[in-house]
Amino acid sequence: MICRVLIVGLGSIGKRHLRLARELLPNADIRVLRHQACVAVPEFADGCFSSLGESIKFLPQIAVIANPATLHVGVAQPLTEAGVHLLVEKPLSASLDGVQRLLESCREQKTIMLAGYNLRFLPSLQRFRSLLNDGIVGRVLSVRCEIGQYLPAWRPDTDYLQSVSAQRKLGGGALLELSHEIDYLRWIFGEVDWVKATLCQQGDLKIDVEDTAHLILGFAAVGGHQLIGSVNLDFLRHDTTRLCTAIGEKGSLRWNGLTGAVEYFEFGAKEWHELFRYQHQRDDSYLTEWKHFLHCVHAKETPMISGQDGLRVLQIIEAARHSSDAGGKVKNTKTRTTRINA
């Protein structure tokens, strides 16, 4: 039984996790760790800490790491060593530094770590994946993925320049902030073998990170065929978009992450045909994620999105950074990235 819960960070996502934790664990003692002095106890919480040491003395059984990505590993490592199970918000970190050691500590302590790529819990994305696995479009020849939303409009009641997304020191930038796409593409189409990328500032947002990322991914070859995918991520688009289209021998299948629709364009057809629609609410995937996390803790099972999955995404991100800097294709490996052509 989960009696003691720690929420690290109280930004918008930390507040969401705090509220959901209270909903699912109404009798638990839920405390918050934040970098600011605790003047008042936040709503839904039972207490507040301003130091990691105090938090560890609280002996939490589970913790949600929802502070800026640059601080994830520094907080998660001592919590893991104390035997705390972790739900780490995406991305797992802002770089690869310390991540392998963190995962090794989880294995040694036999603690659960779930990486917070919650889109995998959307029924529409799950149906998209299952239809492709069932061969509805035959062999997939190409995949095209895009997400864009104007950064100042993400949270209209706050100054976007002060947000994590806008600041390099906090792990911002389109590539890290919109890395859901990289995670679910791996989940659906397999491991990424190489990356070619361009990261740039194409708008005038006055931020110190990239507002646009263009990636070409080469997935591990299957049966002599290598699937190539394109991924476009940006903070600039006013017509908010989240789409993934798989182009196959028998037609195309398209997922719309905003409407929850999965549509099929069959070979020889004249228009798209809707196969599935589930219009999710903002909390839906997070609630399912939480329930899955609690189940894994109780059953001692590896989560659907493990720390290893979080590491794989970071390795692809690191390869994309190297490619953008070098202007060439970069091999994605478990421990390093290697430029393989100019």
Side-chain angles (χ1 to χ4, degrees), residues 16 20 90 116-151 153-154 156 174 177-192 212-217 219 222-223 225-292 304-305 309 313:
R16 182 187 299 273
L20 295 179
K90 66 81 193 169
Y117 285 106
N118 59 293
L119 291 192
R120 289 208 210 176
F121 294 103
L122 291 177
S124 57
L125 187 59
Q126 292 175 346
R127 181 61 64 89
F128 179 71
R129 180 177 186 259
S130 66
L131 286 168
L132 289 173
N133 287 340
D134 290 341
I136 189 170
V137 300
R139 182 163 63 98
V140 178
L141 306 174
S142 177
V143 59
R144 298 171 191 179
C145 177
E146 58 179 327
I147 175 173
Q149 184 176 8
Y150 189 50
L151 181 60
W154 280 22
E177 283 289 272
L178 302 176
S179 58
H180 278 292
E181 272 43 45
I182 297 173
D183 173 71
Y184 76 65
L185 287 174
R186 277 191 62 252
W187 180 50
I188 297 172
F189 300 106
E191 292 296 345
V192 172
T212 304
H214 300 288
L215 281 66
I216 304 296
L217 307 178
F219 293 88
V222 177
H225 167 71
Q226 183 170 59
L227 173 65
I228 306 297
S230 65
V231 185
N232 298 305
L233 318 169
D234 76 73
F235 287 164
L236 303 175
R237 195 165 182 164
H238 293 283
D239 58 318
T240 302
T241 298
R242 175 165 256 154
L243 293 171
C244 184
T245 304
I247 300 165
E249 296 171 311
K250 301 177 183 178
S252 298
L253 193 70
R254 181 170 67 192
W255 173 65
N256 189 319
L258 301 183
T259 66
V262 179
E263 299 170 298
Y264 178 43
F265 197 103
E266 189 174 7
F267 173 76
K270 297 184 182 298
E271 60 185 17
W272 290 92
H273 173 61
E274 186 173 288
L275 301 181
F276 180 85
R277 179 182 290 265
Y278 182 90
Q279 183 60 69
H280 63 276
Q281 303 302 311
R282 285 185 65 85
D283 277 353
D284 288 352
S285 60
Y286 291 99
L287 270 171
T288 307
E289 176 184 58
W290 257 97
K291 291 174 181 177
H292 177 68
M304 181 171 78
I305 312 116
D309 288 310
V313 173

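Treat the numbers as computed from the prediction; the structure is a model and nothing was measured. Worth knowing before you read on, the calculation uses all heavy atoms, side chains too, and leaves out hydrogens, waters and symmetry mates.
- The two residues G116 and H180 make their nearest non-hydrogen contact at O-CE1, 3.9 Å.
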Stepwise, does the side chain to side chain contact (heavy atoms under 4.5 Å, CB included) test hold for E191 with F219? CA-CA 6 Å; E191 292 296 345; F219 293 88; over 6 Å; no
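- Between L243 and I147 there is no side-chain heavy-atom pair separated by less than 4.5 Å.
- Contact annotation: the side chain of V313 approaches that of Y117 to within less than 4.5 Å [non-hydrogen atoms, C-beta and beyond].
- Between A246 and F189, the shortest heavy-atom contact is CB-CZ, 4.2 Å.
- Of the possible donor and acceptor atoms, one in the side chain of E249 sits under 3.5 Å from a partner among the backbone N and O of R139.
- Within the 4.5 Å cutoff, the side chain of V143 has no heavy atoms near those of the T245 side chain.
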What do the steps show when you test E274 against V262 for side chain to side chain contact (heavy atoms under 4.5 Å, CB included), and what is the final call? CA-CA 6 Å; E274 186 173 288; V262 179; over 6 Å; no
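- Considering CD of Q279 and CG of L258, their distance stands at 8.5 Å, rounded to 0.5 Å.
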Could you walk me through whether L20 and L287 pass the side chain to side chain contact (heavy atoms under 4.5 Å, CB included) check? CA-CA 7 Å; L20 295 179; L287 270 171; 3.8 Å; yes
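- Taking NE2 of H280 as the start and OG of S285 as the end, the distance is 6.0 Å to the nearest 0.5 Å.
- Using a cut-off of 4.0 Å between Lys/Arg side-chain N and Asp/Glu carboxylate O, E266 and K250 are scored as not salt-bridged.
- A side-chain donor-acceptor contact under 3.5 Å links H225 to the backbone of V140.
- Between K90 and D183 there is no salt bridge, since no side-chain nitrogen of the basic residue lies less than 4.0 Å from a carboxylate oxygen of the acidic one.
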Run the side chain to side chain contact (heavy atoms under 4.5 Å, CB included) test on L185 and C244 for me, step by step, so that the C-alpha distance in whole Å, both residues' side-chain angles and the decisive distance to 0.1 Å come before the verdict. CA-CA 9 Å; L185 287 174; C244 184; 4.0 Å; yes
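- Here the shortest heavy-atom pairing between W272 and E263 reads CZ3-O, 3.5 Å.
- Using a cut-off of 4.0 Å between Lys/Arg side-chain N and Asp/Glu carboxylate O, R127 and D134 are scored as not salt-bridged.
- Between W255 and Y184, the ring center distance clears the sub-6.0 Å criterion.
- Proximity of D309 to R120: side-chain heavy atoms (C-beta onward) are separated by under 4.5 Å at one or more points.
- Counting only distance, with no hydrogens or angles, the side chain of R186 and the backbone of V192 share no donor-acceptor pair below 3.5 Å.
- Not one N or O on the side chain of H273 forms a donor-acceptor pair closer than 3.5 Å with the backbone of F265.
- Listed for the E289 side chain is no donor-acceptor partner under 3.5 Å among the backbone atoms of D284.
- Smallest separation of non-hydrogen atoms from Y278 and P123: CD2-CG, 3.9 Å.
- The side chain to side chain donor-acceptor pair (under 3.5 Å) test applied to N256 returns no partner, not counting sequence neighbours.
- In the displayed structure, E271 atom CD is contacted under 6.0 Å by at most 12 heavy atoms of other residues, nucleotides or ligands.
- Put simply, CD1 on I188 and CG on L131 are 10.5 Å apart, with the number rounded to the nearest 0.5 Å.
- Between T259 and R277, some side-chain heavy-atom pair lies under the 4.5 Å cut-off.
- When side chains are defined from C-beta on, E181 counts as touching R242, because their heavy atoms get closer than 4.5 Å.
- In the model, T240 has no side-chain atom that pairs as donor or acceptor with a side-chain atom of Y150 under 3.5 Å.
- With a 4.5 Å cut-off on side-chain heavy atoms, L275 and F128 do not count as touching.
- The shortest distance between side-chain heavy atoms of I136 and L253 falls below 4.5 Å.
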Please tabulate, for the side chains in residues 228-238, all donor-acceptor contacts under 3.5 angstrom to protein atoms that are two or more places apart in sequence or on a different chain.
{"residue": "N232", "atom": "OD1", "partner": "H214", "partner atom": "ND1", "Å": "2.9"}
{"residue": "D234", "atom": "OD1", "partner": "L236", "partner atom": "N", "Å": "2.7"}
{"residue": "D234", "atom": "OD1", "partner": "R237", "partner atom": "N", "Å": "2.8"}
{"residue": "R237", "atom": "NE", "partner": "D239", "partner atom": "O", "Å": "3.4"}
{"residue": "R237", "atom": "NE", "partner": "D239", "partner atom": "OD1", "Å": "3.1"}
{"residue": "R237", "atom": "NE", "partner": "D239", "partner atom": "OD2", "Å": "3.1"}
{"residue": "R237", "atom": "NE", "partner": "T241", "partner atom": "OG1", "Å": "3.2"}
{"residue": "R237", "atom": "NH1", "partner": "E146", "partner atom": "OE1", "Å": "2.7"}
{"residue": "R237", "atom": "NH2", "partner": "D239", "partner atom": "OD2", "Å": "3.2"}
{"residue": "R237", "atom": "NH2", "partner": "T241", "partner atom": "OG1", "Å": "3.4"}

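- The two residues S124 and G260 make their nearest non-hydrogen contact at CB-O, 3.3 Å.
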